[in-house]
Structures are given as C-alpha cells and as structure tokens.
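Report on one structure; see the data block that follows.
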Amino acid sequence: MWRYAVGAGAALLLAFGGFLLFQHGPARTPLAAMLPAMPGNAIAAAPLPDAAPEADALTREQKRFDRFDKDRNDSVSRDEYFAARHKAFAKLDTNGDGRLSFEEWAAKSIAKFNGADTDRSGTLNRTEFATTAPKRRPPGSKCSCGKPAPAPSPAAKGEDDDN
C-alpha cells in the first residue's frame, strides 16, 4: 500500500514541478513582434489575423448548386441532379444496352486478373497473384505539397472494391 502512496506523491511532485516550469518559462512574444520591420515590407508591419480566412458555407453551397444547375434557371431538375451518375453508368455500360452486367461492372478487375494469369490456366498461382497487389506509395510520399494527386473518376469509385 505504501508503494501507491509514494507513487502518487511522486506524480504530484512532478506535476507541481511542471506547473512551476510552465509558469516561469521564457516570455512568450508573438512571432510578428520578433520579426524585424523592413522598409517597404507591409507584411511585417501589418498585424497578423487570429485565424485563417475560410470560405463562407453559403458560398460553397452556391457553387455546388451552380455546378448542378446546367441551364441556369435557378432550379435543379431530376435530370440535372443525376447527370453525373448517368455519365458514370454510360462509361461502365460498354455494350449500351442500358443494363449493367457483372462483366461490365468488374471490367477493370477482370482485365487485371487476365493480365496476371500469364499461363492462361484460369487460376492464379502465388507468383501471379503477387502481381495483382495494389501499388503502395513509398513512405514519406504522403505529402502532396508539390502537385495534387489526381482525383478518381466517379466511375472508378465502385470498381476499387473488387480488386
């Protein structure tokens, strides 16, 4: 039991020491005040805003509405609302019969399987199966600072599940 009391006392002493260090640490000055004011540099002299400006939610919603309203009559019809879905479906419906068969829906995966089946046996051995693995990004390439990654097309979103 005494071990718990000693542990609790040590934790309280550490917390109190951290509190004292935090209270009596170096003086905190804003970064803008530490930068030297250069002549002709309006940015260094102007105070920085507290928060970054954001787009107004109404503005975003208006832009979204305008993307759907193709004929600009201030109303979105059913055809306008589903136009992107029709285009995605038309890309998948390769024979144009208005019906989506499994082969049309899974065309990307079927092509991947057929490309990996080098001996044309209809089955994949371990070596062939290893070629179907998704391409991984190397570590450290998650930052898209240089150029943004291309957005997937709406038709490709449903095809990734069967890979």
Next item on the list: Consider only side-chain heavy atoms of I, L, V, M, F, W and Y, link residues closer than 4.5 Å, and tell whether L12 and Y4 are in one cluster.
Entry: no
Notebook entry, point to check: When clusters are formed by joining ILVMFWY residues with side-chain heavy atoms under 4.5 Å apart, either directly or through shared neighbours, do L100 and F102 land in the same one?
Noted result: yes
Shortest non-hydrogen contact from [X] to [Y]?
X    : Y    : value
F68  : Y81  : CE2-O, 3.6 Å
L92  : E104 : O-CB, 3.4 Å
E80  : D71  : OE2-OD1, 2.7 Å
T131 : A116 : OG1-CB, 3.4 Å

Next item on the list: Evaluate side chain to side chain contact (heavy atoms under 4.5 Å, CB included) for R72 paired with D66, printing each intermediate quantity in order.
Entry: CA-CA 7 Å; R72 302 289 183 242; D66 289 341; 4.0 Å; yes
Margin query: Quick check on R120: does its CZ atom have over 12 non-hydrogen neighbours (other residues, nucleotides or ligands) under 6.0 Å away?
Written below: yes
Item checked: Min side-chain heavy-atom separation L124-F113 under 4.5 Å -> yes
Notebook entry, point to check: With no hydrogens and no angle check, do the side chains of D119 and S121 hold a donor and an acceptor under 3.5 Å apart?
Noted result: yes
Next item on the list: For N73 and S75, run side-chain hydrogen bond (donor to acceptor under 3.5 Å, both in side chains): C-alpha distance rounded to whole Å, both residues' side-chain angles, the deciding distance at 0.1 Å, then the answer.
Entry: CA-CA 6 Å; N73 64 348; S75 65; 3.2 Å; yes
Check: Should V76 and F65 be marked as a side chain to side chain contact (heavy atoms under 4.5 Å, CB included) after you check the CA-CA gap, both sets of side-chain angles, and the distance that decides it?
Finding: CA-CA 8 Å; V76 177; F65 184 87; 3.4 Å; yes
For the [atom1] atom of [X] and the [atom2] atom of [Y], what is their distance to the nearest 0.5 Å?
X    : Y    : atom1 : atom2 : result
K87  : F82  : NZ    : CZ    : 15.0 Å
N125 : T118 : CG    : OG1   : 7.0 Å
D97  : D93  : CG    : CG    : 5.0 Å

